[in-house]
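Beneath this line is the structure, given in structure tokens, with notes to follow.
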Amino acid sequence: MCKTYVLSVPAAKAPFEKTIIERRALRPYDVSIAIKFSGICHSDIHSAHGDWAGGIFPMVPGHEITGIVTEVGEKVSKFAVGDRVGVGCYVDSCGECEYCFRGEEQYCSKGHVATYNSLDYDGNPTYGGYSQKIVVTERFVVHIPDPMELDVASPLLCAGITTYSPLKRWNAGPGKRVAILGMGGLGHVAIQFARAMGAEVTVLSRAGDKKQEALGFGADEYFSTLDPDTFKKLAGRFDLILNTVSAAIEVDLYLSLLRVDGTLVNVGAPAEPSQYQVFSIIMSRRSIAGSLVGGLPETQEMLDFAAEHGIVPQIEVIRADQVDEAYDRILRSDVRYRFVIDISTL
Ligand code: NAP
Ligand code: ZN
């Protein structure tokens, strides 16, 4: 066992406190990581605020983790001390079901173990990346490609893979018109991935002042969702809409922007239920889908793709004592575009 400092919340919506937890003793396949940076995902806020059912408190959020390997178990073969590594949204899965077998551990039949706010298979709560150290079995650790700095790499461990995976699955590429709905942490990297895959990219966002930045990330066009004309102009236009909005949307309105056979893929995860008219999908054979993060092999593939195509999250690095303020700012959509905690300040 080893003690480590963390930022934890004792109860839903409570402020963060610096506390100490114990990480498990190294098992044969474990990697011990000195965490350098931890991104703040909107899911951290949903979890720490108890928006979703089943919050386990005290909670240490954080699933956009980058750091350096400090120790490896005797059977570890993929990593050595000194390696630059990342850990994303989960830290274990059964490893035997059909989904694990094909590298989609997030859909594990036994239920994956999330990086925090989850119970490990041995029954202990998991604690995430707002922490100086973490111990993770090597199957859930990825290499950060050499040219990439650890601070900008950290948002890719969730925001990156959560958008890369559905864009790839729904064939964003040449000849496809893709809309990215919501331009926050997920949205701003989704624009870059969709562009690099060769799609025609449109950003749909409330804030008029994000237009120049959207074009800078590679979007072809930008439309404000606060302007009713947007929905008239873009009716029947997109093959794919990737919804990254953290609040409930008017589903019928966005379905009307899809072509025949178009798909609305939800990755944004508000607690409120969604509603839609069946005629919005029947009349143009449209689909509504969802997607959860991405598997481990695909996460490594996404990092390599990002390095190759120069995809870089735009981040604001903050100190550990600024996390409460950062949560408030994210809730006001006052972030360009991801806060990343410098763990050396913890
Ligand atoms: P974020 O940085 O806060 O961005 C969310 C964006 O949604 C905002 O920038 C804003 O974009 C838009 N938005 C926020 N409130 C809105 C409202 N009331 N009405 C309309 N638009 C609104 O959050 P994030 O970290 O990108 O996460 C986005 C969502 O994805 C969260 O719900 C998160 O839990 C979820 N998520 C899901 C997965 C998954 O596996 N499916 C993984 C990670 C995160 P504009 O200012 O451009 O309008
Ligand atoms: Zn996340």
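Predicted model only: the values in this text are computed from it and were never measured. Ligands are counted one by one from 1 in listed order, and the atoms in each one are counted from 1 as well.
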Quiz item: How far apart are the C-alpha atoms of Y127 and N117, what are their side-chain angles, what is the distance that settles it, and do they pass the side-chain hydrogen bond (donor to acceptor under 3.5 Å, both in side chains) test?
Solution: CA-CA 7 Å; Y127 298 112; N117 194 24; over 6 Å; no
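For the side chain to side chain contact (heavy atoms under 4.5 Å, CB included) test, residues two or more places apart in sequence or in another chain that qualify with R319 are D321, Q322, T345. For S274, the side chain to side chain contact (heavy atoms under 4.5 Å, CB included) partners two or more places apart in sequence, or in a different chain, are V251.
Within a 6.0 Å sphere centred on OH of Y121, heavy atoms belonging to other residues, nucleotides or ligands number more than 12. The environment of OH in Y29 is sparse: at most 12 heavy-atom neighbours from other residues, nucleotides or ligands sit within 6.0 Å.
For F16 and Y130, the ring centers sit closer than 6.0 Å to each other. Taking the centre of each ring, Y327 and F339 stay at or above the 6.0 Å mark.
Under the side chain to side chain donor-acceptor pair (under 3.5 Å) test applied with R338, the options E316, Q314, E64, H188 reduce to a single match, E64.
S8 and T19 form a side-chain donor-acceptor contact under 3.5 Å, judged by distance and modelled atom types alone.
A distance limit of 4.0 angstrom between heavy atoms and ligand 1 selects the residues C41, H42, S43, H46, W52, C158, T162, G182, M183, G184, G185, L186, S205, R206, K210, T244, V245, S246, A247, V267, G268, A269, S291, L292, V293, I330, S333, R338.
Annotation: protein N, O or S atoms under 2.8 Å of the Zn ion (ligand 2) (waters excluded) comprise C41 SG, H63 NE2, C158 SG.
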